[in-house]
Trainee: 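One structure, pasted below without further comment.
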Amino acid sequence: ETNPFDPSAEGFRETVLQMFNGVPWNKMFRSSFIRTTGLRFQPLRTTNDAYFVYTALCKAKRIATLDRILIHRRKNDANSLTQTRDRSCLCFYEALKAIQDTLKESGIYGTYERTFINRALQNILWNAETVSPENTARIAEQMQKTGFRELGLDRHDAEYFYDRRLYERYCLMRDLDPGAFRKALEESKERERQERENNKAGNNSQSSPGTAPQQVAARIISIFWKKK
């Protein structure tokens, strides 16, 4: 266990939901913590773990990480729930609403509002990008009708959001016809890709010969929960 911290402390409460993803299989939870909070998975076809994980991150008194690989995940199973989210493309929205409701009922939403709003935007866009074009339009339509208002995204300006690119995509989803959003999103991502390539070319031209590229090692993070 290393670097334990209180997620409600200054410096963590603004970004705790950006520090960790929403899956439970790379985390460990104290059984006493689960019994005390009463947290459970939602009865949803997909994204049924997001409520449990993100609410736990905000209700925890202490979080610690372990920099060791303890589990391996199998990907690209065509029959997995992750790969068949087109059958239930709005489950993530139900999860976000439930997380927000619980944080409000627990009296801690004010502490975690900014990290929640930014996480909500991340999840909305990721889900919209990783389903069929028809369901992308369905998600965009739902967000325009109720989602942005119910989740509170429309009450904040650009400075409230951490990632300029995600905010720009949010504006596209908010302002465009739902059927046109997917194409605009792909064009936006292509511009970003070209910008990265141009920046990379500029950096390489300034590097000395033989400079090795930086290697980033993947790691699995385990989280331990403990009351103070």
Trainee: Take Leu121 and Leu151 through the side-chain contact (heavy atoms from CB on, under 4.5 Å) test and state the conclusion after the steps.
Mentor: CA-CA 9 Å; Leu121 179 58; Leu151 295 173; over 6 Å; no
Trainee: Between Gln18 and Thr115, do the side chains contain an N or O donor and an N or O acceptor separated by less than 3.5 Å?
Mentor: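 There is such a pair (donor and acceptor under 3.5 Å, judged by atom type) between the side chains of Gln18 and Thr115.
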Trainee: Under 4.5 Å between side-chain heavy atoms, hopping through other hydrophobics if needed: is there a path connecting Phe12 to Tyr162?
Mentor: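 No, it is not one cluster - the side chains of Phe12 and Tyr162 are not joined through contacts under 4.5 Å.
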Trainee: Are Val131 and Leu44 co-members of a hydrophobic cluster defined by side-chain heavy atoms under 4.5 Å apart?
Mentor: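 No; Val131 is not reachable from Leu44 via cluster members.
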Trainee: If the condition is side chain to side chain donor-acceptor pair (under 3.5 Å), which residues does Asn123 pass it with, not counting sequence neighbours?
Mentor: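 If we apply the side chain to side chain donor-acceptor pair (under 3.5 Å) test to Asn123, skipping adjacent residues, the hits are Arg119.
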Trainee: Quick one: side-chain contact (heavy atoms from CB on, under 4.5 Å) partners of Glu10, sequence neighbours excluded?
Mentor: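 By the side-chain contact (heavy atoms from CB on, under 4.5 Å) rule, Glu10 matches Arg13, Glu14.
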Trainee: Strictly distance-based, threshold 3.5 Å: is any side-chain N or O of Thr136 a donor or acceptor partner for the main-chain N or O of Arg182?
Mentor: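 Absent.
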Trainee: If you measure from CZ on Phe181 to CD on Glu186, what distance do you get to the nearest 0.5 Å?
Mentor: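 The CZ atom of Phe181 sits 10.0 Å away from the CD atom of Glu186.
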Trainee: Does Arg193 have any salt bridge (Lys or Arg N to Asp or Glu O under 4.0 Å) partners at least two apart in sequence or in another chain, and if so, which?
Mentor: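 For Arg193 the salt bridge (Lys or Arg N to Asp or Glu O under 4.0 Å) partners, ignoring immediate neighbours, are Glu190.
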Trainee: Thr102: what forms a side chain to side chain donor-acceptor pair (under 3.5 Å) with it, not counting sequence neighbours?
Mentor: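 Listed in chain order: Tyr51.
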Trainee: So, for Phe20 and Tyr54, is the gap between ring centers shorter than 6.0 Å?
Mentor: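 They do not qualify: ring centres at least 6.0 Å apart.
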Trainee: For Asn199, give me all partners under side-chain contact (heavy atoms from CB on, under 4.5 Å), at least two apart in sequence or on another chain.
Mentor: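 So Asn199 forms a side-chain contact (heavy atoms from CB on, under 4.5 Å) with Glu195.
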Trainee: By side-chain contact (heavy atoms from CB on, under 4.5 Å), which residues pair with Ile108, not counting sequence neighbours?
Mentor: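 Ile108: side-chain contact (heavy atoms from CB on, under 4.5 Å) contacts with Cys58, Lys59, Leu103, Ser106, Tyr112.
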Trainee: Nearest 0.5 angstrom please: Ile71 CD1 to Met28 CE, how far?
Mentor: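 Spacing of CD1 (Ile71) from CE (Met28) equals 10.5 Å.
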Trainee: Less than 4.5 Å apart, any side-chain heavy atom of Val23 and any of Val53?
Mentor: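 SC-SC contact between Val23 and Val53 ruled out.
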Trainee: With side chains defined as the heavy atoms from C-beta onward, is the minimum distance between Phe29 and Leu39 less than 4.5 Å?
Mentor: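 The answer is no; the side chains never approach within 4.5 Å.
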Trainee: How long is the gap from CG on Asp67 to CG on Leu70, to the nearest 0.5 Å?
Mentor: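 Separation between the atoms: 10.0 Å.
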Trainee: For the residue pair Lys27 and Phe52, establish whether any side-chain heavy-atom pair is separated by less than 4.5 Å.
Mentor: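 In short, these two side chains do not touch, never coming nearer than 4.5 Å.
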Trainee: State, with a plain yes or no, whether a side-chain heavy atom of Leu166 is found less than 4.5 Å away from one of Phe161.
Mentor: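 A side-chain contact under 4.5 Å is absent here.
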Trainee: For residues 98-116, which residue pairs pass the salt bridge (charged side-chain N to carboxylate O under 4.0 Å, His left out) check, not counting sequence neighbours?
Mentor: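 Output for this query is empty, none listed.
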Trainee: Testing the 3.5 Å rule here: is there a donor-acceptor pair between the side chains of Thr46 and Ser88?
Mentor: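 On atom types as modelled, these side chains qualify, holding a pair under 3.5 Å.
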Trainee: Using the side chain to side chain donor-acceptor pair (under 3.5 Å) criterion, which residues pair with Thr55? Sequence neighbours excluded.
Mentor: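 Expected list: none.
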Trainee: Is a side-chain N or O of Asn135 found less than 3.5 angstrom from the main chain of Cys89, in a donor-acceptor match?
Mentor: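 Not a single qualifying donor-acceptor pair exists.
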Trainee: Apply side chain to side chain donor-acceptor pair (under 3.5 Å) to residues Thr84 and Arg45 and explain how you reach the verdict.
Mentor: CA-CA 10 Å; Thr84 59; Arg45 180 183 179 275; 2.8 Å; yes
Trainee: Using a 3.5 Å distance criterion without hydrogens, assess whether the side chain of Asn118 forms a donor-acceptor pair with backbone atoms of Tyr160.
Mentor: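 Side chain of Asn118 to backbone of Tyr160: a pair is present.
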Trainee: Strictly distance-based, threshold 3.5 Å: is any side-chain N or O of Arg165 a donor or acceptor partner for the main-chain N or O of Ser188?
Mentor: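 Judged by distance alone, no pair lies under 3.5 Å.
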Trainee: Can you tell me how far apart CZ (Arg155) and CG (Leu153) are? Round to the nearest 0.5 Å.
Mentor: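 Nearest 0.5 Å value for the CZ-CG distance: 9.0 Å.
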Trainee: For the residue pair Asp6 and Ile63, establish whether any side-chain heavy-atom pair is separated by less than 4.5 Å.
Mentor: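 No - every pair of side-chain heavy atoms lies 4.5 Å or more apart.
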Trainee: Is the closest side-chain heavy-atom distance between Thr47 and Gln42 below 4.5 Å?
Mentor: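 Side chain of Thr47 against side chain of Gln42, heavy atoms only: no contact under 4.5 Å found.
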Trainee: Please tabulate, for the side chains in residues 90-99, all donor-acceptor contacts under 3.5 angstrom to protein atoms that are two or more places apart in sequence or on a different chain.
Mentor:
unit_1	atom_1	unit_2	atom_2	d
Tyr93	OH	Thr146	OG1	2.9
Tyr93	OH	Glu150	OE1	2.5

Trainee: According to salt bridge (charged side-chain N to carboxylate O under 4.0 Å, His left out), does anything in residues 131-144 pair up with another residue at least two apart or in another chain? List the pairs.
Mentor: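 Residue pairs with at least one partner in residues 131-144: Glu141-Lys145.
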Trainee: Phe116: what forms a ring pair (Phe, Tyr, Trp, His ring centres under 6.0 Å) with it, not counting sequence neighbours?
Mentor: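 Residues passing ring pair (Phe, Tyr, Trp, His ring centres under 6.0 Å) with Phe116: Tyr109.
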Trainee: Using a 3.5 Å cut-off and no angle test, enumerate the donor-acceptor pairs between side-chain atoms of residues 169-178 and protein atoms at least two apart in sequence or in another chain.
Mentor:
unit_1	atom_1	unit_2	atom_2	d
Arg169	NH1	Glu129	OE2	3.2
Arg169	NH2	Glu192	OE1	2.4
Arg169	NH2	Glu192	OE2	3.3
Asp177	OD2	Gly179	N	2.9

Trainee: Check the hydrophobic clustering (I, L, V, M, F, W, Y; side-chain heavy atoms under 4.5 Å; chains of links allowed) and say if Leu185 and Trp126 are grouped together.
Mentor: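 No, because Leu185 and Trp126 fall into different hydrophobic clusters, even though each may have its own neighbours under 4.5 Å.
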Trainee: Looking only at heavy atoms, which two atoms of Pro24 and Asp49 are closest? And how far apart?
Mentor: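 Result for this residue pair: CD-OD2, 3.1 Å.
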Trainee: What distance do Tyr167 atom OH and His156 atom NE2 have between them, rounded to the nearest 0.5 Å?
Mentor: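 These two atoms lie 11.0 Å from each other.
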